[in-house]
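Below is one structure, written out as structure tokens, with a few remarks after it.
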Amino acid sequence: MPRKKITNKQIIDIFREIALHLRAEDVAFKPRAYEVAAEGIAGLSDELTDLYKECGTKCIDDIPGVGKDLSAKIEELLTTGKLDYYDQLKKKYPFDMLDISRIQDVGPKTVFKLYRVLKVKTVADVERAAKQNKIAAIPGMGKKSQDKILRGIEYLKGDAGRRIIHDVLPFARGLVDKLKEIPSTIHIDIAGSLRRRKETIGDIDLIATTSKPKELVRVFKALREVDQVLEEGPNKLMVRYVNGLQGDLLVLHPDEYGATLVHFTGSREHNILLRERAKRKHMKLSEHGLFKGKARITSRTEEQVYKHLGLQFIPPEIRVGADEVEVADKKKIPTLIPYDSLKGDLQVQTDWSDGTGSIEEMVHAAREHGLSYMAVTDHTKGLTIAHGLDEKRLRQQGREIDRLNKKLRGFTVLKSTECDVLKDGRLDLSDSTLKTLDIVSISVHSNTSMSKVDMTERIIRALKHPLVNILFHPTGRVVARRDAYELNMSRVIRACREYHVALEVNGSARLDLHEAHIRQSIEEGVNLVINSDAHDPSHFQNLEYGIAQARRGWATAADILNTKPLKGFLAALKK
DNA sequence: GCCGTTTTCGGCCCGACTGTTTTCAGTCG
């Protein structure tokens, strides 16, 4: 009986839970080792089980933060599906540490204390105990702590948690705009994971400098968007916004703005790497500045901070605490694709299938986003739910595009398709129809629960088709809603190189590809495109999120085909 | 438990804020 294969995510969770247990017991240094290893695994583009099959423990040893001991533990998990060390821990403390510590302000120490005194094993147990006033009675806790825990549980149960960046960035920009209007404001910026453009955002962090801190804080607290002040110190404010998210506002002195911005942009792991480096160079880095002994080293800008640490500037999007500091030390950080560099969009749906806008309306919106070409990619007949086009209607659409192009000046509409990849890897349209198009793009929408081997074969068979140019949203995931289907992405990426098919970085809520796959594709020499997947004229703003995603995957403008003008783009796409 | 521009042994990031405390532990980022 084959056992269900253990996933990277499961291994990451086990390591994180072990780290929490070790922290609860005040074990020194080990917890960080487990956390760093978990981060290392999180940055992988392949499933460990596939890596292990391919090259054994050699590939596992290469993971940053994984040494001899943890490598053996990973191997044990991969081969037996279990980890003895972890099972022993769980026997001693039979509760879900990871789950309970998701409650705000409840860390490993508190979880242990609650378990020891009250034998609580779940978040629901904790809530019951709090409501019965049992937590306030524990020595070292009190009524306020108990209320805080209850608030934390409410937050957890509500529509809190992490949100997709698409829902958060516009809201945060609105806040920034309002605070900018105060004349005494010098700087006001988005920091934290939002500035790093992570796929999902847990809180909105803002940092500011001002000649009148009290005024800024007063105005901020009175904003319509601010629901409740949770914490307030001399220069740090923590609030709950009306959209349910939390956030910090930090008000600091302008002389250290660079160091402050670095600190509050994170990530936590990136900061640790920077501070360790500062220490090795007999300096000290914190949000208050960079110091050599007692002497303050100028850090007005982030560039200055990195320079003083002997590093090339590292863009926020790749500050994840992986290898970026090492690469910056060698001055090998590439120039990431600029936010305004796209010339075209290769995935646009119209009212011919499941979009809301006519072709002309979509063209108008695309132009407003600074584009000079756009491919119309309505779904094909296999996707009946989206009113997919059959051969006849697609040819009819082509004639309309011809008419439109004659009218347009300085903009080109390309005839294209989002052709469904059928279950067996064949395409949903005939070759003779595909030949009438400027670009053939394909994607998977059905039968998504097939086995990994079958799905990989299915997609590779489609990639082999001589007319195919682009594979849309290659893994099928939708952020925070739908997992990727089972797929060996390394094989797909290699097939794209072999058959000269470009991979899409989709800027919609899919944000598909994952950044690790983007980076891997670039290393393998596979072409990429960034698309909005617009189904409405307003959706071209997705391009910004697609670019952010590409930047997180270390993409330069040269790696992204649709940074080229139309002619160069078509030439590069051609087989 | 990891790792090396001080190294294969001896280090391992920094500070703010809260709550329950008379000096600090816990959590967060």
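In what follows, every chain begins at residue 1, and chains take the letters A, B, ... in the order their sequences are listed. Any value given below was found using the heavy atoms of this structure, including those in side chains, with hydrogens, waters and symmetry copies removed.
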Using atom P of each nucleotide, how far apart are B/dC14 and B/dT8 to the nearest Å? 23 Å
To the nearest angstrom, how far is A/Gln104 atom CD from B/dC28 atom P? 7 Å
Identify whether any heavy atom of A/Met141 sits under 4.0 Å from a base atom; if not, whether one sits that close to sugar-phosphate; answer base, sugar-phosphate or nothing. sugar-phosphate
Of the listed nucleotides B/dG19, B/dC12, B/dC17, the one nearest the side chain of A/Ser145: B/dG19
Looking at A/His288, I'd like to know whether one of its side-chain N or O atoms comes within less than 4.0 Å of OP1 or OP2 on B/dA16. yes
Taking the same atom, C1', in B/dT23 and in B/dG19, what whole-Å distance lies between them? 13 Å
For the residue pair A/Lys73 and A/Tyr85, would you count it as a cation-pi contact if the rule is NZ or CZ under 6.0 angstrom from the ring centre and within 45 degrees of the ring axis? yes
Is the phosphate of B/dT27, meaning OP1 or OP2, less than 4.0 Å from a side-chain N or O of A/Thr110? yes
Basic-acidic side-chain contact under 4.0 Å: A/Glu127, A/Lys134: no
Between A/Arg32 and B/dC13, does any side-chain N or O lie under 4.0 Å from OP1 or OP2? yes
C1'-based separation of B/dC13 from B/dG29 [nearest Å]: 12 Å
Using a heavy-atom cut-off of 4.0 Å across all strands, would you classify A/Pro31 as base, sugar-phosphate, or nothing? nothing
Separation of B/dC3 atom C1' from A/Leu70 atom CG, nearest Å, is 13 Å
Whichever of A/Leu230 and A/Gly65 has its nearest DNA chain B nucleotide further upstream toward 5': A/Gly65
Would you indicate which nucleotide in B/dT20, B/dG1, B/dT18 comes nearest to any side-chain atom of A/Phe29? B/dG1
Can we say A/Arg277 and A/Glu324 salt-bridge, meaning some charged N sits less than 4.0 Å from an Asp/Glu carboxylate O? no
Taking the minimum atom-to-atom distance to the side chain of A/Asp248, which one of B/dC17, B/dG29, B/dT27 wins? B/dG29
Measure from CD on A/Glu231 to P on B/dT27 and round the result to the nearest Å. 14 Å
Nucleotide B/dG29, atom C1' - distance to CD of A/Glu287 in whole Å: 9 Å
Would you classify A/Ile272 as touching base, sugar-phosphate or nothing, given that sugar-phosphate means primed atoms plus P, OP1 and OP2, and contacts are heavy atoms under 4.0 Å? base
Between B/dT18 and B/dC12 - C1' atom distance, rounded Å: 28 Å
Say you pick atom P in B/dG11 and the same atom in B/dT6; how far apart are they, in whole Å? 15 Å
I need the CD1-P distance between A/Ile138 and B/dT21, as an integer number of Å. 12 Å
Would you indicate, yes or no, if B/dG15 has its OP1 or OP2 atom less than 4.0 angstrom from a side-chain nitrogen or oxygen of A/Asn271? no
Phosphate OP1/OP2 of B/dC3 contacted by A/Lys68 side-chain N/O (<4.0 Å): no
Taking only the C1' atom of each, what is the distance from B/dT21 to B/dG26 in whole angstrom? 13 Å
Please state how far atom CZ in A/Arg23 lies from atom P in B/dG26, giving the value in whole angstrom units. 13 Å
OP1 or OP2 of B/dC13 under 4.0 Å from side-chain N/O of A/Ser286: no
Could A/Lys30 and A/Tyr34 be counted as a cation-pi pair, given that NZ or CZ must be under 6.0 Å from the ring centre and within 45° of the axis? no
Is A/Lys9 salt-bridged to A/Asp13, going by a charged N under 4.0 Å from an acidic O? yes
Any A/Lys279 side-chain nitrogen or oxygen under 4.0 Å from OP1 or OP2 of B/dC12: yes
Answer yes when A/Glu47 and A/Lys452 have at least one side-chain N-carboxylate O distance shorter than 4.0 Å, and no when they do not. no
Identify which nucleotide among B/dC12, B/dT27, B/dG1 has an atom closest to any side-chain atom of A/Glu276, counting heavy atoms from C-beta outward. B/dC12
A/Leu285 near the nucleic acid: base, sugar-phosphate alone, or nothing, with a heavy-atom cut-off under 4.0 Å? sugar-phosphate
B/dT27 to B/dT20 separation - C1' atoms, rounded to the nearest Å: 15 Å
Sugar-phosphate, base or nothing in reach of A/Phe264, heavy atoms under 4.0 Å: nothing
Establish, from distance only, whether the side-chain atoms of A/Ser71 and A/Asp61 form a donor-acceptor pair under 3.5 Å. yes
Salt-bridge criterion met for A/Asp26 and A/Lys109 (N-O under 4.0 Å): yes
Partner of B/dT8 under the Watson-Crick or G-U wobble criteria, both distances under 3.5 Å, comes out as none
Determine the contact category for A/Lys113: base if any of its heavy atoms lies under 4.0 Å from a base atom, sugar-phosphate if only primed atoms, P, OP1 or OP2 are that close, otherwise nothing. nothing
Among the nucleotides B/dC13, B/dG29, B/dG1, which one has an atom lying closest to any side-chain atom of A/Lys30? B/dG1
Under 4.0 Å between a Lys/Arg side-chain N and an Asp/Glu carboxylate O for A/Lys198 and A/Glu317? no
Taking any heavy-atom pair under 4.0 Å as a contact, classify A/Gly233: base, sugar-phosphate, or nothing. sugar-phosphate
Does the distance from a Lys or Arg side-chain N to an Asp or Glu carboxylate O, for A/Asp125 and A/Lys119, drop under 4.0 Å? no
Please compare A/Ser101 and A/Asp69 by the position of their nearest nucleotide in DNA chain B and report the one closer to 5'. A/Asp69
Figure out the CG/P separation between A/Leu20 and B/dG26, and round it to whole Å. 14 Å
Is a salt bridge present between A/Arg296 and A/Glu256, judged by a nitrogen-to-oxygen distance below 4.0 Å? yes
Expressed as a whole number of angstroms, how long is the span from A/Glu35:CD to B/dC28:C1'? 13 Å
Using OP1 and OP2 only, check whether a side-chain N or O of A/Lys236 sits under 4.0 Å from B/dC17. no
Sub-4.0 Å heavy-atom contacts from residues 205-213 of chain A onto DNA chain B, ordered by number: none
